[in-house]
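To start, the structure itself, in C-alpha cells.
Note on naming: letters A, B, ... go to the chains in the order of the sequence lines (proteins, then strands), and numbering restarts at 1 for each one.
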Amino acid sequence: MGELKLMKGNEAIAEAAIRAGVDAYFGYPITPQSEIMEYLASEQPEKRTGMVLLQAESEVAAINMVYGAASTGKKAMTSSSSPGISLKMEGISYLAGAELPCLIVNVVRGGPGLGTIQPSQADYFQAVKGGGHGDYRLIVLAPASVQEMADFVGLGFDLAFKYRNPVMILSDGVIGQMMEKVEFGEQQPRRTKFDEPWMLTGKTPDRPHRIVTSLDLEAVQMEKHNLDLQAKYKTIRENEVRFEEIACDDADYIMVAYGSSARICQKTVKLARESGHKLGLLRPITLYPFPSERISQLADKVKGFLSVEMSSGQMVEDVMLAVNGKVKVGHYGRYGGVIHSPEQVLCGFEEFLSK
Amino acid sequence: MGELKLMKGNEAIAEAAIRAGVDAYFGYPITPQSEIMEYLASEQPEKRTGMVLLQAESEVAAINMVYGAASTGKKAMTSSSSPGISLKMEGISYLAGAELPCLIVNVVRGGPGLGTIQPSQADYFQAVKGGGHGDYRLIVLAPASVQEMADFVGLGFDLAFKYRNPVMILSDGVIGQMMEKVEFGEQQPRRTKFDEPWMLTGKTPDRPHRIVTSLDLEAVQMEKHNLDLQAKYKTIRENEVRFEEIACDDADYIMVAYGSSARICQKTVKLARESGHKLGLLRPITLYPFPSERISQLADKVKGFLSVEMSSGQMVEDVMLAVNGKVKVGHYGRYGGVIHSPEQVLCGFEEFLSK
Amino acid sequence: MELKDIIKPENLVYKRTECLTDKVLSYCPGCGHGTAHRLVMETIEELGIQSETIGVASVGCSVLSYDFMDVDMTGAAHGRATAVATGIKRCNPEKYVFTYQGDGDLAAIGTAETIHACNRGENITIIFINNGIYGMTGGQMAPTTLLGMKSSTTPYGRESALMGNPIKITELVAQLPGTYFVTRQSVHTPANVRKAKKAIMKAFDNQKLKKGLSFVEIVSNCNSGWKMTPVTANKWMEDNMFPFYPLGDIKVDGELVKK
Amino acid sequence: MELKDIIKPENLVYKRTECLTDKVLSYCPGCGHGTAHRLVMETIEELGIQSETIGVASVGCSVLSYDFMDVDMTGAAHGRATAVATGIKRCNPEKYVFTYQGDGDLAAIGTAETIHACNRGENITIIFINNGIYGMTGGQMAPTTLLGMKSSTTPYGRESALMGNPIKITELVAQLPGTYFVTRQSVHTPANVRKAKKAIMKAFDNQKLKKGLSFVEIVSNCNSGWKMTPVTANKWMEDNMFPFYPLGDIKVDGELVKK
Amino acid sequence: MMNEEIIIAGFGGQGVLSMGKILAYSGMMQNLEVSWMPSYGPEMRGGTANVTVILSNERISSPILNLYDTAIVLNQQSLDKFERKVKPGGVLIYDTNGITKHPQRTDIKIFQVEAAAEAARINNLRVFNMIVLGAYLKLNNYLKIEHIVEGLEKSLPKRYHHTIQANADALKIGMDIVKPYTVLVS
Amino acid sequence: MMNEEIIIAGFGGQGVLSMGKILAYSGMMQNLEVSWMPSYGPEMRGGTANVTVILSNERISSPILNLYDTAIVLNQQSLDKFERKVKPGGVLIYDTNGITKHPQRTDIKIFQVEAAAEAARINNLRVFNMIVLGAYLKLNNYLKIEHIVEGLEKSLPKRYHHTIQANADALKIGMDIVKPYTVLVS
Amino acid sequence: MAKMRGAVVVDVERCKGCELCIVNCPQNVLANIAAQVNSKGYPYVYMKNPGDCTGCTNCAVVCPDGVLTVYRVKE
Amino acid sequence: MAKMRGAVVVDVERCKGCELCIVNCPQNVLANIAAQVNSKGYPYVYMKNPGDCTGCTNCAVVCPDGVLTVYRVKE
Ligand SMILES: Cc1ncc(C[n+]2csc(CCOP(=O)(O)OP(=O)(O)O)c2C)c(N)n1
Ligand SMILES: Cc1ncc(C[n+]2csc(CCOP(=O)(O)OP(=O)(O)O)c2C)c(N)n1
Ligand code: SF4
Ligand code: SF4
Ligand code: SF4
Ligand code: SF4
C-alpha cells in the first residue's frame, strides 16, 4: 500500500504527476486550478525528480511548450480552466494532428466568457466533440474523486503514449477544490532511455531525420492521415471505454452522470430508492470514448435515461445518440456555476418521470 | 435590380460588407480567405463609407477588437480559417457571454492542426456545438453560393443585432475561392444614430453607466444569465431555422448537406434520379438552429438519410438526433482537404443503400 | 472652533469624485487599485468628459472596476484590453478610451496586444498597475515579480534560471514609435498621488490632442499577495520595487527622457 | 587547363552541406530563405552537432524547412516557435535547439512568445528572416513592412495612421536581460553571406556555452511578395530596408553595442 | 454506522476552512472516510466562506449537500442561510458576536459559543476558531482528542507547530463555554 | 440546353486561371450562368494549377466535377491527370510543348495547339494563354467574339487594357493553328 | 500667518482600517478605532487628535477607498 | 602570383535561374541559358566564360538553392 494523504484534487494531480515521473509541466494561473502549479512549485520537482516546471506567459505559450516537449518524447502536461482551455484550442488541434501524447487538465468553471469561477460541466462539447478545428478526438477522462484525480495522471499518460494522442482530464471546481483521502503509489522514475520512431532525439547517422508536423499540403495525403486518425479513434472506442454502474441491475431508470455530478447522483440513487424509485446510475469514466454500447444495451431493458450534468445539456446528446429513440431521454442540471444537490436531482428525476 | 458582378466568394463577402454599412473589419491573413481583407484594402472602405479596416497582429487580437467595437453598438466583423478560428475560441465565448452582435467568417480548410489549405467541412462541431467553453451558441449560416456569401453578410448582421448574438458564416475553400455571378443591393448607409441600452455610447447624466461583461462572480446570477441565454437560443430555434429542399417531395432517401457539399449533392440528385433512385436533398442554411423538426417530419415518410459532409461525420450526429432512430442514417464524405465529386457521392449513397 | 463649524459645504477641500459610483471597492484594505481608480475618475471629472469616455476593464483584481468607475465600460478578456480598446477607438475616434490593466494582464498574456497597440500608436490611454504579482488568482508570480521575491508559484523566491527575469515592459513600449507619453508613478504617498494625478491628466490631454498612445504605469502594492500589512507593503515597495522600477517620466512628447 | 581537369575531388572548394537534404527547396527563385537554410545547416555540420540538434520550423514560406534541413525538427503553430523551442530545450538542455521564423510569425502573432522567451533567456538560437511581408499567404503587410511599402493588404502603400508602424523587434529584444547576442545580417551578397555565417556560428557557440538566447535577424528579399525580380529585389532591399533595418551587431556578449 | 455531515460558515479570515481541515484530518487519523468541500472565490477580502465536511465510515457519495447534521455559523449572513439547512433533530452552533437575528427553529438543537468574546478576553484572536471547534467536539464524541491533536499537527504548516498547545487549550475553552440556547416560542 | 464543363490545367504562371476567368466573364456577358473554381495553393512557385469553368443556361449545381466536356491541358502532368476525365465524345486540347507521352484515348476528340512555340515565334510569351483560348473558341461557337473581348476587358486590370488588342490577335492565331490529332491505334 | 484648521469626515462603512491615512498624516491626527468594526468586519479610523488637523488633505488623497472628506478654514 | 583557375558545376535541376550568382560573379563568368528550361520550367545558369573563373566561390555562396559546386586550382 502506498502513502495516504488528505489533499485537494488539484494537489493530488500535482503530486501524482511528480510520482508518475512526468517530465514537464507548463501552465498559467487560473482559478479554480492554480493549486496544481502552486503545489508543484512548493515541492520543487526539479529537485525531487528533475521534472521541469515553468510558468508560461500565457495558456497559448503553455500548450505550445507542451507540444515542444512532447515532440521529443517527453511526458509533458498542462492544466487550466475553461477560458484558458479555449485559448489552447489551436494547440490541442496541432497536438492531435501531429499525434503527440500529452496530458491536459481542465478544471472547468462556469461560462461562457469570463463567467464565474464556480464549478461547471459545460465544457463537455469542447472536450469530446473537438473545440479546435478539424476532425480530431481527445481521450477524455472524468475523475469523480480526489483519488481518481491522482490515478488518472498515470492512466492518462499511459493512454496518451499507447495511442500517441492527447488525453484530457475533464474535472471541475468541486473535484479540484475538495479534499479527500488519496493513496499514492511509489515514485516512478522518469524515463531516461527511450527512442520511438516518432520522437525527436537528434538525427544520428543510422537513421533519417525525423519530423513532427500536422501539415500536409497535399490533400490526398492529408486525407490519408485523417483516415489513419479515424482508424486509431475506432481502436480507442473499441478498447478504452470505461464506466461504472451503480444500482443498474434492477433499475427502471438510469441516470448518466460523470465527475462531480456522478458523486452527487450517488446520493440521489440512495434517496430515490428510499422513496421507492428503482433508479440506477451509469458513470462514464471515459467521456471519449463514450460508453454508447453499454447504454444502448441498457436501453433495451430500462424505461429511460436522465443525463445529469452541470450544463444546459451536452452529454445528453451522446446519451440520445446511444439510445437512438428506444426509450425516453432527459436532462437535468443546474449551471453557470451552481451545483445541484442530491435532493434537487431527485426532484429533477421525478419531473422527468412525469413527462 | 442591383449590380451584377463576377467574383470570388471571399470578395463577395468583402463587397457585401461595405455595402451593408458594416462599421469595421479586423482580421489576420490566412489561406483560403485572405482575399476578404485584400479586397477590402483595395477598395479603401475608409473612403467609400468610413468603414474601419485594420490588419490585427493576430486572430486573438482581431476577435477582441471586434469585441471592443461591438461593445459600442458598431457592426464589426472578422474572418479567418480553421486554425485562426480556433484561436478565437475564447473571444467568441466572451462575445456570446456578453451578448454582443458581430459576424465571424470561417472559410474552413482541412485539419487538424496546420492541416492543409484545401477545403473542408470539419469545423462543424466547433461552430455549432461550441468550440469555446461554456454553454453558448452561435447562429451559424452556411452559404452554398457566392451570392449567398454576399447575402449572408446582411442577414448575419440582422440576426446578430436582433438576438444580440455572434453569427458565424461557415464556408469553405470551395465557396470562398470560386467565382460566380453575384448581384449586390444598393449601398446601405452606415448607421450614425443608434443607442440601445446595452451599447457603450458614453454615460450621459440622464442614465446610469453601462457595462458590457460576461462575468458574474455570483453563481446564482450567472445561472440566471445562462437561463436567459438558453431562452434566447430557444427563440432562435423556434424562429430562425432556414433550409432548402430539393426533390424531397417524392424522395425515398434524402441527403442532408450544406455549403459546398450541398452544391455537389445537387448534381448527385440528378445523377441518382437518372439511375432510378428517388433521392432528395435537404440543405440546412442555418446549421444552428438546425432543421431538426423538418428532418424529424421527413423521417416519418422516407427510408433513410445520408449526411454528406467533407468531414469524418459531424453534422450526421445532428441528423441522427433529429431522426431519433426512426429510419437509418448514414454518413458519406471525403476529408482532410479532399473534395468529393457528385459521382463519388452517388457511389457513397449506393453503398449506404446496400448496408 | 469646533469640528462642526469646520464641516460646512463652503469649507470643503476634498471629497470623493462623483465619477466614482457609490459601491464599496472590492479591493483589500490599503490596495493601490482604489487610489488609482480615484485618480482616473477625478481626471475624467475635471476634464468634463464622463459622457465621452469608454473604459476597458481587464481581468485581475480590477476586473470589477466597471462597477466602481461611473463611465461606460466593457470587460475585456485577460490580456486583451488594448485590442478591445483599439476596436472601440477606431470605431469611435471622438471618444476618450482607456484601459486599466494589471501586470499579469498587460505584460504576460497580453504582451502581443500591448506591444502592437503601442506600436500602432492607438490614440488611447493605458493605466497599468504594476504590483509585481497576480493578485486576483492568489499571489502567483507575475512577469514583473522581482528576482528573489516570493509568490505562490515561486515560494522560495523567483530564480531567473527557473522562472525567467522580471520584465520592464514600460521601458520597452517607450522604445516604440507609437507611444507619445510613457511614465512610471506610484500612489503610496500624498506627494506621489499628486504626481500620478498630473501624469494621468496629461495622458488624457494627449488623447484629446490626438498625439498617440499614453502609457501610465503605477507601481503599487499588493499587500495580500505579498503577505504584508499595507503600511509595511508600501515600505517594502519603496525599498525593493522602486530601485528596479524607478519612478519618473520615461518618454515625454514622443521623446525618450535622457537619464 | 580544361574544366574537367579542374573538376576533381581534390580541387573542391565549395559544395552544398550534407546537412541539407536532397529535396529541391520550395522557395521562389532568388529567395533568401534558401541561403539562410544553408548557413544554418553549414554551421551545424561544421560544429558536428547534427545528432544533437532539434529545430523548430514555423508557419510561413519556410513551413517546410523541416523537409530541407537534415536534422530532427518539429513544425510549430504560427507564432509559437519560441514556446515550442522552450518546451524542447527545458526538457533537453543538452540539445542544441533553434527556431527558424519569419517576421509575421515572430513579430506579429508570436510577439508574446518571442518577447518572453527572450526575456527568460532561454538558451536557444532564433533565426529570424525579416522580408518585410507575409510571403506564404500572398504578400500581405507584415509588422515589419516599411511605411509606404505596398502589399496585398496595403495596396496603396502602408500608412501609419491606418495600419501602424513597422516594428524593430530585434532592437526591442536586445533590451531584454535574457538576450546574449543580437545581430542583424543579410545574405544577398557573398560578403554578407559570410558575415551572416559567422553570426550564426556565434549564436550556436553561445548555446554550447549556455549563455542565454542568441537572436540572428536576416533581412531578406521576398521578391514574389514585392513583385520584383530577385536582382532588383536585392537592390531595393539595400536602398529601402537597410536604412530602416541597419545591418550589424546590436548586442554582443550580453552588452548593447554602442552606436 | 457513523455519518456526520457538517457545514461551517462565516467571514473569510475567521478560520472556517482550517477548522474544517482539522476535522477532516482528525477523521482521517481515525480511519474514517472524509470529504472537505470549500466554497471558493477570488482572493479579494471581505467575502463569506463556508466548508462542508463529511465524516463517515462508509464511502462518501455526494460532497455537496443540501441538509446537514450540524451547522456551525459565525456571522449573521451564514446564520440566515444555514439555519434552515439543518436536518430536523440536527445541531446548530453559533457565535453570538454580531448576531442581531437569533435562530428561530424549534425542531433542532441550538448551542451558543461566545468564542469571539472569549478569544478577545484571553487576548489571542488566532485561536477563535479552535474555541468554536471545541464547542463542536463537546457535543460530539466520535472523534478522540488525540486524533484531533494529530489532525492539528497535520493541518498546520510546520512553522506554526509551536501554537499547537495554545490551540489545544482553546479547544478546551470551547468545550467549557458552549451552552444550549432555547428558542422562545412567542 | 447549353452546358459546357471545362477544365484548364498547366503550370502555375501559364495563365491557366486567367484563361478561365475570361471564359467566365464572357459567359456572363452572354447572360449565361457561370462558375469558376480554381485549385489553389500557397504562393510558392513551381506547382501546377487548374481551374474548372462551367457555362450553362441553367443554375449550376456542382462547381466540382469529375468528368468534363472539354479539357485544356498545358503540361504532361495535367495531361496524365485529366485525359481520363474527359467525357466520352468530349474534347481534349493540348499544347505539345514538353509533352513526351501523347494522349491515347480514341473515344474523345483530340486537338493540338502549338501555342508555346507560336508565342515564342511572335515574341510575346504573355499571349500564350490567349492562343490556347483561341483554339478552344474555334471548336466552340456558343460564345460570341464580342463577348470574349468584353470578358477580356472585365478580367484584365485597367493598367493592362492596352494589351487587349494583342490578346485579341492571339485568339485569332489560336483559331488558325489548332489542329486535330488522331491517336494511332497500334 | 493664519493657522489652518481642518476636519475630516470618515465614511465608516467604506473604511477598511488599512492605516495608510494614519501614517501619511503629518499631524498625527488619525487613529484606528480599537476593538470595534464596521458591518464589513473592518476597524476604521477616527480623528484622535482633531485639534491638530490642518486640513491638508493628505489622508484623503492617499486613502484607496475614498473614505475621507476634508474641510478646512483659516482660523 | 599564381593565377587561380576555377570551375563551377551546375546542378541544373536545382537551378531556378534567379541570376543572383550571375550578378555576384566578379568575373562575369555565368549566364542564364536562353530559351531552355529544366523540368521544373526554370531557365538555368551555365559558365558562359569558363576561362575567366577564379573559383572564388562567390556564386555558390550567394546561391539560395545550393546549385553550384566550385573547384579551384593554382595554375
Ligand atoms: C485566459 C485567462 N487566463 C487566466 C485567467 C486567470 N486570471 C485572472 S486574473 C489573473 C492575473 C491577474 O494579475 P494582474 O493582471 O497582475 O492583476 P492584479 O490582480 O494583480 O491586479 C489571472 C491569471 C483568466 N481569467 N483568463
Ligand atoms: C493561426 C494562423 N494564422 C494565420 C496563418 C496563415 N499564415 C501562414 S504563414 C503566414 C505569414 C507568413 O509570413 P512570415 O512569417 O513573414 O513568413 P514568410 O512567409 O514571409 O517567410 C500566415 C499569416 C496560419 N497558418 N495560422
Ligand atoms: S489581492 Fe492585491 S491587488 Fe488584489 S485587491 Fe488585494 S491587495 Fe489589491
Ligand atoms: S513568397 Fe517570398 S518569402 Fe516566400 S518563397 Fe517566395 S520569395 Fe521567398
Ligand atoms: S543563384 Fe543559384 S538558383 Fe539562382 S541562377 Fe544562380 S545557380 Fe541558379
Ligand atoms: S567561382 Fe567566382 S569567378 Fe567563378 S563563376 Fe563563381 S563567382 Fe564567378
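- Between the side chains of Gln118(B) and Thr116(B), not a single donor N or O lies within less than 3.5 Å of an accepting N or O.
- For the set Asn226(A), Asp135(A), Val60(A), the entry with the most heavy-atom pairs within less than 4.5 Å of chain B is Asp135(A).
- For Gln314(B), the part lying under 4.5 angstrom from a heavy atom of chain A is the side chain only.
- Your options are Pro112(B), Gly134(B), Gly84(B), and the one with the most heavy-atom pairs under 4.5 Å with chain A is Pro112(B).
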(message) Run Asp318(A) and Lys129(A) through side chain to side chain contact (heavy atoms under 4.5 Å, CB included) and show every step you take.
(response) CA-CA 10 Å; Asp318(A) 279 335; Lys129(A) 305 280 172 197; 2.6 Å; yes
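- Residue contact with chain B, scored on non-hydrogen atoms closer than 4.5 Å, is absent for Ser120(A).
- Interface check for chain B: of the options Gln221(A), Met89(A), Glu59(A), the most heavy-atom pairs under 4.5 Å are formed by Met89(A).
- Contacts of Gln126(A) with chain B are made by both backbone and side-chain atoms, with heavy-atom separations under 4.5 Å.
- Across Ala96(B), Gly111(B), Gly337(B), Ser81(B), the residue that shares the most heavy-atom pairs under 4.5 angstrom with chain A is Gly111(B).
- When the shell of 6.0 Å around NZ of Lys301(B) is examined, it contains more than 12 heavy atoms from other residues, nucleotides or ligands.
- Using a cut-off of 4.0 Å between Lys/Arg side-chain N and Asp/Glu carboxylate O, Asp228(A) and Lys224(A) are scored as salt-bridged.
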(message) Using side chain to side chain contact (heavy atoms under 4.5 Å, CB included), reason through Tyr233(B) and Asn165(B) one step at a time and then give a plain yes or no.
(response) CA-CA 9 Å; Tyr233(B) 301 149; Asn165(B) 208 67; 3.7 Å; yes
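- With a threshold of 4.5 angstrom between heavy atoms, Ser312(B) approaches chain A through its backbone and through its side chain.
- Residue contact with chain A, scored on non-hydrogen atoms closer than 4.5 Å, involves the backbone and the side chain of Arg334(B) alike.
- Only the side chain of Leu229(B) comes within contact range of chain A, with heavy atoms under 4.5 Å apart.
- Checked by atom type, the side-chain pair Ser80(A)/Lys88(A) shows no donor-acceptor distance below 3.5 Å.
- Both the backbone and the side chain of Leu321(B) come within contact range of chain A, with heavy atoms under 4.5 Å apart.
- For Glu351(A), the CD atom counts as loosely surrounded, since its 6.0 Å shell holds 12 or fewer non-hydrogen atoms of other residues, nucleotides or ligands.
- Using a 4.5 Å cut-off between heavy atoms, Gln230(A) contacts chain B through its side chain alone, with no backbone atom that close.
- The line from NZ of Lys326(B) to CG of Leu298(B) is 9.5 Å long, rounded to the nearest 0.5 Å.
- Ranked by heavy-atom pairs shorter than 4.5 Å toward chain B, the options Ala98(A), Ala219(A), Gly97(A), Pro119(A) are led by Ala219(A).
- By the neighbour-count criterion of 12 heavy atoms within 6.0 Å, atom CD of Gln297(A) is densely surrounded, having more than that number from other residues, nucleotides or ligands.
- Side-chain N/O atoms of Asp123(B) and Asn106(B) include a donor and acceptor closer than 3.5 Å.
- The candidate from Tyr124(A), Tyr335(A), Tyr136(A), Phe125(A) with the greatest count of non-hydrogen atom pairs under 4.5 Å with chain B is Tyr335(A).
- Counting heavy-atom pairs under 4.5 Å between each of Gly325(A), Gly313(A), Ser214(A) and chain B puts Ser214(A) at the top.
- Both the backbone and the side chain of Glu317(B) come within contact range of chain A, judged by heavy atoms closer than 4.5 Å.
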